[in-house]
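Below is one structure, written out as structure tokens, with a few remarks after it.
These numbers come from a predicted model, not from an experiment.
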Amino acid sequence: MSKYNEQVEVLMAQQTKGKGINYQVLESGLRQKLKDGTIQQQDVAIALQVASAIGSLRSRVLYANIKRAAQQEHESQQTE
């Protein structure tokens, strides 16, 4: 996950650093986080940017799944 975290930081600082982003690493990290059940609200925005950049059906489905997982997590926290 360290490559994922590194790419997230690059993504967040892209405008100031001007560094290129490896969206495939981000996509892979998001898939792993989804598999592990560790999705956070920030990951939804990252998944949207990844889906926009890559544009594949696979990346758009990943975004939808991450968004759904984040909503479910948010709803479960509200009911506790």
Side-chain angles (χ1 to χ4, degrees):
M1 292 299 279
S2 64
K3 283 186 178 184
Y4 171 77
N5 292 334
E6 178 184 311
Q7 290 299 311
V8 168
E9 287 183 28
V10 170
L11 180 64
M12 297 303 182
Q14 176 184 15
Q15 295 163 345
T16 57
K17 291 184 181 180
K19 241 181 161 179
I21 297 172
N22 188 337
Y23 287 103
Q24 283 74 27
V25 170
L26 287 172
E27 183 181 32
S28 175
L30 288 168
R31 287 189 189 289
Q32 186 63 44
K33 288 185 80 167
L34 186 61
K35 181 180 174 186
D36 296 342
T38 58
I39 294 295
Q40 299 172 350
Q41 194 62 38
Q42 166 189 337
D43 297 322
V44 176
I46 293 169
L48 177 60
Q49 290 183 359
V50 168
S52 297
I54 295 175
S56 69
L57 180 60
R58 181 178 174 179
S59 63
R60 289 182 281 168
V61 168
L62 176 63
Y63 165 69
N65 289 337
I66 287 175
K67 186 175 177 182
R68 186 178 306 116
Q71 286 174 336
Q72 289 173 348
E73 178 64 28
H74 180 70
E75 290 171 1
S76 69
Q77 287 177 353
Q78 285 183 338
T79 59
E80 291 177 356

Handout entry: Under 3.5 Å side-chain donor-acceptor pair for Asp36 and Gln32
Key = yes
Exercise for the section: For the residue pair Gln71 and Glu75, confirm or rule out a side-chain donor-acceptor distance under 3.5 Å. Expected result: no
When rounded to the nearest 0.5 angstrom, what is the spacing between [atom1] in [X] and [atom2] in [Y]?
X	Y	atom1	atom2	answer
Leu62	Leu57	CG	CG	11.0 Å
Gln7	Asn22	CD	CG	5.0 Å
Ile46	Glu27	CD1	CD	13.5 Å

Shortest non-hydrogen contact between [X] and [Y], atoms and distance:
X	Y	value
Ile21	Leu26	CG2-CD1, 3.6 Å
Lys67	Val44	CA-CG2, 4.1 Å
Ala51	Tyr63	CB-CB, 4.1 Å
Tyr4	Val25	N-CG1, 4.0 Å
Ile39	Leu34	CD1-N, 3.7 Å

Problem - Side-chain (Ser52) to main-chain (Leu48) donor-acceptor, under 3.5 angstrom - result: yes
Problem - Donor-acceptor pair, side chain of Asp43 and main chain of Gln40, under 3.5 angstrom - result: yes
Exercise for the section: For Ser56, enumerate each residue passing the side chain to side chain contact (heavy atoms under 4.5 Å, CB included) test, keeping only those at least two apart in sequence or located in another chain. Expected result: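 Residues passing side chain to side chain contact (heavy atoms under 4.5 Å, CB included) with Ser56: Ile54, Arg58, Ser59.
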